[in-house]
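Following: one structure in structure tokens, then a few remarks.
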Amino acid sequence: MTAPLVVFDLDGTMIDTAPDLIESLNHTIAAADLEPVTFDDLTHLVGQGARVMIRRAFALRGAPLDEALVEPLLERFLAHYKAHMPGHSRLYEGLTDAFDRLEAAGMQLAVCTNKLEQLALPLLDKMGLTDRFVAITGGDTFSVRKPDARHLLGTIERAGGDPKRAILIGDSINDILAAKNAEVASIGVTFGYSDVPVASLEPGHVISHFNQLTPDLVTAVIARINA
Ligand SMILES: O=C(O)COP(=O)(O)O
Ligand SMILES: [Mg+2]
């Protein structure tokens, strides 16, 4: 039988990237004289990748955004983020111990993030995580991204997994909706960047620390969705 596959979101789930996202976004929008954003703002801005984050920051400030400036602003963001990577980013507590437990139980790990590949791949590398995963997909790996089911299903396919024996661990509506759209099990984490309580999105289960992420929990939440 196919090994169970545990698919992780990146920003706000495995890695606390908020300080770096905020710094790079503020550097970007400063070019248009927009006021800096805060962590609370970020929870409304993040989730659909850097391009959408920039667009949402302009909307937040009520500033018109000239379409011709979107790509130059994105380049400004990417250059700043890459130059400072890994910046202040840190793994959430207990993540690698959870990886060890899941792997020891014969489970495989993968990443499904809306972060662009050119940011996600080097960041995972710098955080020493790349070798853990059988597949890593970003917001531009396919023509669609979370919450579209095809992003998650494409990730599971690349990992050689089975959607009925997979689970997505994520912090935001894009994750939980992608899992629901794909009819894949899900676990929401409370410590990420959701602008609503993750429990209100009705994932299969909610955890507040990675010490709660055990092989038994993964097996139980997957079993429940197939019942
Ligand atoms: O960078 C984003 O906007 C979202 O990234 P995530 O899918 O890893 O949370
Ligand atoms: Mg996230």
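Both counts, for ligands and for their atoms, begin at 1 and track the order of listing.
- Residue Gly49 places a heavy atom less than 4.0 Å from ligand 1.
- Both Leu21 and Leu73 are members of a single hydrophobic cluster when ILVMFWY side chains are connected at heavy-atom separations under 4.5 Å.
- Distances from the Mg ion (ligand 2) to the N/O/S atoms of Asp9 are shortest for OD2.
- In Gln48, the part holding a heavy atom less than 4.0 Å from any atom of ligand 1 is the backbone.
- Within ligand 1, counting atoms from 1 as listed, the ones closer than 4.0 Å to a heavy atom of Leu10 are 8 (O).
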Can Arg51 and Glu71 be said to form a salt bridge (charged side-chain N to carboxylate O under 4.0 Å, His left out), step by step?
CA-CA 8 Å; Arg51 202 180 271 108; Glu71 293 312 304; 2.8 Å; yes
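- The line from CG of Leu123 to CG of Asp20 is 8.0 Å long, rounded to the nearest 0.5 Å.
- Ligand 1 is approached by Lys146 to a heavy-atom distance shorter than 4.0 Å.
- The Mg ion (ligand 2) lies under 2.8 Å from an N, O or S atom belonging to Asp171.
- Within the listing of ligand 1, atoms 2 (C), 3 (O) sit less than 4.0 angstrom from a heavy atom of Val46.
- Between Phe133 and Phe8, the two ring planes are tilted [angle within 30° to 60°].
- Taking atom 5 (O) of ligand 1 as the reference point, the nearest protein heavy-atom neighbour is Asp11 OD2, 2.9 Å.
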With salt bridge (charged side-chain N to carboxylate O under 4.0 Å, His left out) as the criterion, how do Arg150 and Asp148 come out once you've worked through the C-alpha distance, each side chain's angles and the decisive distance to 0.1 Å?
CA-CA 5 Å; Arg150 288 170 287 177; Asp148 194 298; 2.8 Å; yes
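- Between Cys112 and ligand 1, not a single N/O pair is under 3.5 Å apart.
- Distance check, rounded to the nearest 0.5 Å: CD of Glu117 to CG of Leu124 gives 11.0 Å.
- The Mg ion (ligand 2) sits nearest to atom O when only the N, O or S atoms of Asp11 are considered.
- The aromatic rings of Phe142 and His151 sit perpendicular, their planes meeting at an angle over 60°, well past the 30° parallel limit.
- Set against the non-hydrogen atoms of Thr113, the atoms of ligand 1 under 4.0 Å away are 5 (O), 6 (P), 7 (O), 8 (O).
- Tyr92 and Phe191 have tilted rings, their planes meeting at an angle from 30° to 60° on a 0 to 90° scale.
- Among all protein heavy atoms, the one lying closest to atom 6 (P) of ligand 1 is Asp9 OD1, 2.8 Å.
- The shortest N or O to N or O distance between Gly47 and ligand 1 is under 3.5 Å.
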Could you check Arg61 against Asp41 for salt bridge (charged side-chain N to carboxylate O under 4.0 Å, His left out), going step by step and ending with a plain yes or no?
CA-CA 11 Å; Arg61 293 287 174 252; Asp41 296 328; 3.7 Å; yes
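- At a 3.5 angstrom cut-off on N or O pairs, Asp175 does not count as close to ligand 1.
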